[in-house]
Amino acid sequence: MAENDSFFSNQAAKVFVAGHRGLVGSAIVRKLQSLGFTNLLLRTHAELDLTLQSDVESLFAAEKPLYVILAAAKVGGIHANNTYPADFIAVNLQIQTNVIDSSYRHGVKKILFLGSSCIYPKFAPQPIPENALLSSPLEPTNEWYAVAKIAGIKMCQAYRIQYKFDAISAMPTNLYGPNDNFHPENSHVLPALIRRFHEAKVEGAKQVVVWGTGSPLREFLHVDDLADAVVFLMEEYSGFEHVNVGSGKEVSIKELAELVKEVVGFEGELVWDTSKPDGTPRKLMDSSKLANLGWSPKISLKDGLVDTYKWYLKNIKQ
Amino acid sequence: MAANDYFFSNKSAKVFVAGHRGLVGSAIVRKLLSLGFTNLLLRSHAELDLTRQSDVESFFAAEKPQYVILAAAKVGGIHANNTYPADFIAVNLQIQTNVIDSSYRHGVKKIIFLGSSCIYPKFAPQPIPENALLSGPLEPTNEWYAIAKISGIKMCQAYRIQHKFDAISAMPTNLYGPNDNFHPENSHVLPALIRRFHEAKVQGAKQVVVWGTGSPLREFLHVDDLADAVMFLMEKYSGLEHVNVGSGKEVTIKELAELVKEVVGFQGELVWDSSKPDGTPRKLMDSSKLANLGWSPNVSLKDGLVDTYKWYLENSKQ
C-alpha cells in the first residue's frame, strides 16, 4: 500500500461518521478529533435519514467522503426488540445496505461496519471466537437485530470479493461510557446500575435490590477503548473476517454491582433478589485475533465507571 | 375472517406479481389467470427497478395492490454466486426490503415471499424441516443469496409480530419447467440435462457424458405445482413460520438422467464420468407441514419432463 493510502497518513481526509451522536459514534468522533482529524462529515438523523436510499446516494455524490465509519443503527434492549422487531430488522438493513452500497459506488477508500456480540449464537462456545458466526441458532430475543447485522457483515465481505472494496467489520462486546442510555426501563445492566445507585444515594434509600444471584459473568469495554480499536483497525486491518473487540476481562454481576456502588458512593445495602432470573451464565468474546494484531484496551473497569459516572452527573436531566 | 377477506373470494382484487417473467413468477401468472384472476399488476424490470426504494414506494402508492407475490430475485448457480456475491446479497436485500416494507405501508392485505432450499444449513438433517433454519453453518457457495433470503423470512415474521401484517414465506425445493434457464454453463442439473440430450440427439452424437456416479439423491418440483402451492398458501396459511414446498419424492441423478434421455428421445449412450465429483449426497425437503395443511403436488417427474421438453422445443433459440 502506498504511503498516502493509510488512514492516519492524511488527517484532512474526509471521514463520514454515521451515527455520530450515539454511544459509539460520539466516542469515535472524540477519538478522531483527539488524533487531529479535521474534516469530519457528520449528519444528524433530522439532516439525513439513512434509511432513505436516494438521500444517502445524494449525500455521497455531493460529499465524496474518503472514509466511512458506520456506527448508525437502531439499537435497544430485550423489550424493545420484542415489541418493535420490524423496526429492528428493517431500519438496520436499510441503513447498512444504503451506506455500504453508496460508499462503494462513490469511491470511499475504506468502510468500517459496526455490530455487536448479539450476532453470535445463543449457545456459542465461551469465549466466543469470530468463527462462531452462524454456527448454531440465534438468541430469539434479539434475532431481528442479529440477522440484520449478520447481513451487514456478509455484505461487506461480498463487496470485498466482487469489487475489492475495503470493507471491514468490527463486533464489540458490551459497551459503556458517556452518551449511553440510562433510561430506567430499557438501559443495559451497567448504566442501569449507575442510575439506580445514584438515585438511591440522592433519595437516601436504605437499599438497592438487584435481580438474580449476581453470579453471571460479563465482559465490558469502555467506549473510548472501542473508538481506539476502531481507528486501529482502520489503519491496520483489511481482512475478510469480522473482528471481535472486547476487553477480555470478565466480572461477575455481583463484582460489577459492588464496584458501581463504590464508585457512586451509595452507602446503603446491596440486596440480591435470588427469586429473579439470572440470565445467561457467561458471555465473553474471544478477542485474541485483535490482540494478535497488536491492540489492547487501556481503561480499567473501575476507571471507566468513574469516568462514566462523572459524565452522568454532568449530563443527566433531573 | 369475513368471507370477502379470502384470497379466492375476489378474483378482481389487484394482485402484484413481482418477477412475473421468471421461472416462478411466470408460472404464478399462468396459475392466477387459469383461476380467473383478472387484475394482475405486472411490471418488467425496465418498467420498475425493485432495488429503487422511491420507485417502489411511488408504485405502491399509485397502484395499491391488495395482494403481493414476491417472486422477483437475483438468482443463479454456483459460479454466479461466487463471482458476483455483492449483487446476490445487495440486490436481493434491496428488492425484499423495498417490497415488504412498501406492501405494509400501502395497505396490502397479504404478501407471500419466495425463497429456496438454499436457506438451509449445509449439513441440515435430511429431509430438511423448517426448523433447521439457522441451526448451523450455511453452504459457502450460496451464503450471500441465503443470508438475503433468510433476512426476508425474518422481515416477514417481524412485520407480522409488530404490525400484524399478513406476511408469509414459502421455500420451494429444486424447481423446473417452462421459462427455466437452459444456458449451457450456468443452468441447474435438470435443464442442463434436457439441453445436452437434445443437442446430442440433434447432432447425432454417440454418447452423452455426465459427471459423477449418478448416485446423489435429489428432489424436483414442477413449477406449476409450486404455483398451485402458492395459491393454496395465499388462501389458507397465515402462520409465522415459513413453509417448505417440495414434492417429497427423491430420484437419483442416474434415474433423472435416464428419464430425461427417454423423454428427449436420445438413442446414444449415457456414460458416467465417475472421476468427477458427485456433489452433496442427498437433498430433500421435509414438506410434511404443507402436506398436513392439505396440499400435495399433481405433476409427476415424467409428465413434468415431457411438458418442459415440449416448451423447450417451442421456445429455445437454436
Side-chain angles (χ1 to χ4, degrees), chain A residues 49 51-57 80-98 100-102 104-105 121-123 131-140 143-165 167 240, chain B residues 49 51-57 80-98 100-102 104-105 121-123 131-140 143-165 167 240:
Chain A
D49 182 345
T51 68
L52 297 180
Q53 181 186 42
S54 358
D55 290 1
V56 173
E57 288 173 342
N81 269 270
N82 281 349
T83 316
Y84 307 107
D87 296 348
F88 276 85
I89 185 169
V91 166
N92 284 314
L93 282 176
Q94 288 167 330
I95 291 173
Q96 296 162 190
T97 308
N98 290 340
I100 295 168
D101 188 64
S102 282
Y104 163 66
R105 294 193 190 288
K122 183 178 167 79
F123 296 112
N131 65 18
L133 186 65
L134 290 171
S135 60
S136 63
L138 299 170
E139 165 59 64
E143 64 174 323
W144 321 106
Y145 173 88
V147 167
K149 286 294 176 177
I150 292 169
I153 292 173
K154 290 295 167 188
M155 209 167 140
C156 287
Q157 293 180 326
Y159 276 62
R160 180 178 289 283
I161 292 171
Q162 182 171 342
Y163 299 123
K164 315 226 181 313
F165 181 43
F240 184 74
Chain B
D49 181 347
T51 67
R52 305 301 309 167
Q53 180 189 40
S54 14
D55 292 356
V56 173
E57 286 175 345
N81 268 269
N82 281 347
T83 315
Y84 307 107
D87 296 346
F88 276 86
I89 185 171
V91 166
N92 283 314
L93 282 176
Q94 287 167 330
I95 291 172
Q96 294 161 190
T97 310
N98 290 341
I100 295 167
D101 187 63
S102 282
Y104 163 66
R105 294 195 188 289
K122 184 177 166 82
F123 296 112
N131 65 19
L133 186 66
L134 288 172
S135 62
L138 298 170
E139 167 58 63
E143 63 174 322
W144 321 107
Y145 172 88
I147 283 292
K149 288 294 177 179
I150 292 169
S151 300
I153 292 173
K154 289 297 168 188
M155 208 167 140
C156 287
Q157 293 179 329
Y159 276 62
R160 180 179 290 283
I161 292 172
Q162 180 173 344
H163 299 303
K164 314 233 179 308
F165 181 44
L240 182 74

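Letters A, B, ... are given to chains in the order of the sequence lines, protein chains preceding strands, and every chain is numbered from 1. Because the structure is a prediction, the values reported are computed rather than measured.
- The most heavy-atom pairs under 4.5 Å with chain B, out of Ala151(A), Pro121(A), Ser135(A), Pro85(A), come from Pro85(A).
- Heavy atoms of Gln96(B) lying under 4.5 Å from chain A are absent altogether.
- A pairwise comparison of heavy atoms in Asp101(A) and Gln94(B) identifies OD2-NE2, 4.2 Å as the closest pair.
- Annotation: side-chain hydrogen bond (donor to acceptor under 3.5 Å, both in side chains) contacts of Thr51(A) (sequence neighbours excluded): Asp49(A).
- With a 4.5 Å cut-off on non-hydrogen atoms, Thr83(A) touches chain B through its backbone but not through its side chain.
- Of the atoms belonging to Ile100(A), not a single heavy atom falls under 4.5 Å from chain B.
- Partners of Tyr163(A) by side-chain contact (heavy atoms from CB on, under 4.5 Å), not counting sequence neighbours, listed by chain and number: Tyr104(A), Arg105(A), Tyr159(A), Phe165(A), Ala86(B), Asp87(B).
- With contacts defined as side-chain heavy-atom distances shorter than 4.5 Å, the pair Ile150(A)/Ile150(B) does not qualify.
- With a 4.5 angstrom heavy-atom cutoff, Leu134(B) touches chain A via backbone and side-chain atoms both.
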* To do: For the pair Gln157(B) and Ile153(B), evaluate side chain to side chain contact (heavy atoms under 4.5 Å, CB included) and give the outcome as yes or no after the intermediate values.
  => CA-CA 6 Å; Gln157(B) 293 179 329; Ile153(B) 292 173; 4.2 Å; yes
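- Contacts between Arg160(B) and chain A at a heavy-atom distance below 4.5 Å are absent for every atom of the residue.
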